[in-house]
Amino acid sequence: MTLFDKISEDIKAAMKARDKVRLETLRNIKKVFLEAKTAPGANDTLEDADALKILQKLAKQGHESAQTFISNNRQDLADEELAQARVIEEYLPKPLTDEEIESEVKAVIAETGAQGMKDMGRVMGIASKKMAGRADGRAISAIVKRLLA
């Protein structure tokens, strides 16, 4: 079952459970998925890897919006955004810890034979692909810089 199909099934379950926040969030996710499927060049398909990228983006936007609302003393709106972000995060893979990221990066460095900062681009490219959806690019970059320096 693809992520798109799972979201569609969960919309039905949320309707039956009368879970307003979950239903609204899942409908929004499905809308964005449909837009991605019908975008030029998508050939009416949405791979799970692309769907995960969309979900990560939506979760990140939710957290950023919540921070904006908090800074503007609108806790009620921030709570809504955070509730929606939690629903989105249920569909994301478990994020890697810093130790797990570091061990993955060390493996990539050994695999590529990287010697210093001049090889950072090559290491980042491989590491980012290996940890896509499970680690933030900034965290990967910081660990790569530290290990190559």
Side-chain angles (χ1 to χ4, degrees), residues 1-109 117 120-149:
M1 176 180 281
T2 66
L3 207 45
F4 182 82
D5 296 333
K6 174 101 174 92
I7 296 290
S8 297
E9 289 297 314
D10 289 349
I11 286 174
K12 294 175 194 171
M15 280 184 199
K16 289 177 183 173
R18 298 186 193 278
D19 187 342
K20 185 179 174 190
V21 172
R22 186 174 194 79
L23 180 62
E24 182 181 329
T25 304
L26 293 175
R27 281 182 172 161
N28 185 40
I29 292 169
K30 188 169 182 178
K31 176 184 77 86
V32 175
F33 281 1
L34 286 170
E35 289 171 356
K37 280 179 87 167
T38 58
N43 297 328
D44 202 35
T45 59
L46 181 66
E47 299 295 325
D48 277 353
D50 296 328
L52 281 174
K53 287 179 187 173
I54 291 169
L55 289 175
Q56 285 175 319
K57 182 180 175 186
L58 291 173
K60 184 177 178 182
Q61 285 174 344
H63 286 290
E64 289 171 354
S65 296
Q67 289 305 315
T68 302
F69 289 136
I70 289 170
S71 67
N72 290 321
N73 296 320
R74 290 301 308 264
Q75 189 63 42
D76 56 327
L77 296 175
D79 291 341
E80 283 181 37
E81 287 292 334
L82 291 173
Q84 290 183 6
R86 280 192 293 276
V87 171
I88 294 167
E89 288 167 350
E90 290 175 22
Y91 296 93
L92 294 173
K94 181 182 157 285
L96 297 174
T97 64
D98 285 344
E99 294 79 26
E100 292 169 326
I101 295 171
E102 187 168 333
S103 74
E104 292 264 355
V105 169
K106 284 180 181 175
V108 170
I109 289 172
M117 290 302 288
M120 183 170 172
R122 191 165 32 129
V123 172
M124 275 300 296
I126 296 170
S128 295
K129 284 181 185 166
K130 274 189 166 183
M131 294 181 270
R134 300 179 301 147
D136 180 52
R138 281 186 236 138
I140 297 170
S141 176
I143 290 173
V144 169
K145 280 181 188 171
R146 182 168 47 81
L147 292 175
L148 289 179

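Counting non-hydrogen atoms of other residues, nucleotides and ligands closer than 6.0 Å to CD of Gln61 gives a total above 12. For Arg138, the CZ atom is loosely surrounded, since the number of other residues' heavy atoms within 6.0 Å does not exceed 12.
Scanning all heavy atoms of the two residues, the minimum distance from His63 to Ala85 falls at NE2-CB, 3.8 Å. The two residues Ala59 and Glu89 come nearest to each other via the heavy atoms CB-CG, 4.1 Å. Residues Pro95 and Glu100 come closest through the heavy atom pair O-OE1, 4.4 Å. Contact between Met124 and Ser141 at its shortest, heavy atoms only, is SD-CA, 3.6 Å. What you find for Ala149 and Met117 is that their closest heavy atoms are N-SD, 4.2 Å. The two residues Leu52 and Pro93 have their closest heavy-atom pair at CD2-CD, 3.7 Å.
Val108 places none of its side-chain heavy atoms less than 4.5 Å from the side chain of Val105. Looking at heavy atoms from C-beta onward, Gln84 lies out of side-chain contact with Val87 at the 4.5 angstrom threshold. Within the 4.5 Å cutoff, the side chain of Lys94 has no heavy atoms near those of the Arg134 side chain.
Interatomic distance, Ile7 CD1 to Ile29 CD1, rounded to the nearest 0.5 Å: 4.5 Å. In this structure, CD1 on Ile140 lies 13.0 Å from CD on Glu102, to the nearest 0.5 angstrom. Summarising the geometry, atom NZ belonging to Lys60 is positioned 14.5 Å from atom CG belonging to Leu55; distances are rounded to the nearest 0.5 Å. Note that NZ of Lys30 is 5.0 Å distant from CD1 of Ile11, once rounded to the nearest 0.5 Å. Between atom CZ of residue Arg122 and atom CD1 of residue Ile109 there is a gap of 10.5 Å, rounded to the nearest 0.5 Å. Of the inter-residue distances, the one linking Leu92 atom CG with Ile88 atom CD1 reads 8.0 Å to the nearest 0.5 angstrom.
Using a 4.0 Å cut-off between charged nitrogen and carboxylate oxygen, Arg74 and Asp76 count as a salt-bridge pair.
In this structure a side-chain-to-backbone donor-acceptor pair under 3.5 Å is missing from Asp50 to Leu46. At least one donor-acceptor pair closer than 3.5 Å links the side chain of Asp48 to the backbone N or O of Leu3. Looking only at distances, a side-chain donor or acceptor of Thr38 sits under 3.5 Å from a matching main-chain atom of Leu34.
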For side-chain contact (heavy atoms from CB on, under 4.5 Å), just list the numbers for Thr45 and Phe4, CA-CA rounded to whole Å, side-chain angles, deciding distance to a tenth of an Å, and then say yes or no.
CA-CA 10 Å; Thr45 59; Phe4 182 82; over 6 Å; no
Worked verdict on Glu90 versus Arg86 for salt bridge (charged side-chain N to carboxylate O under 4.0 Å, His left out)
CA-CA 7 Å; Glu90 290 175 22; Arg86 280 192 293 276; over 6 Å; no
Run the numbers on Glu24 and Glu80 for side-chain contact (heavy atoms from CB on, under 4.5 Å), then give the verdict.
CA-CA 11 Å; Glu24 182 181 329; Glu80 283 181 37; 5.6 Å; no
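A cation-pi arrangement is absent between Lys6 and Tyr91 under the rule of less than 6.0 angstrom and at most 45 degrees off the ring axis.
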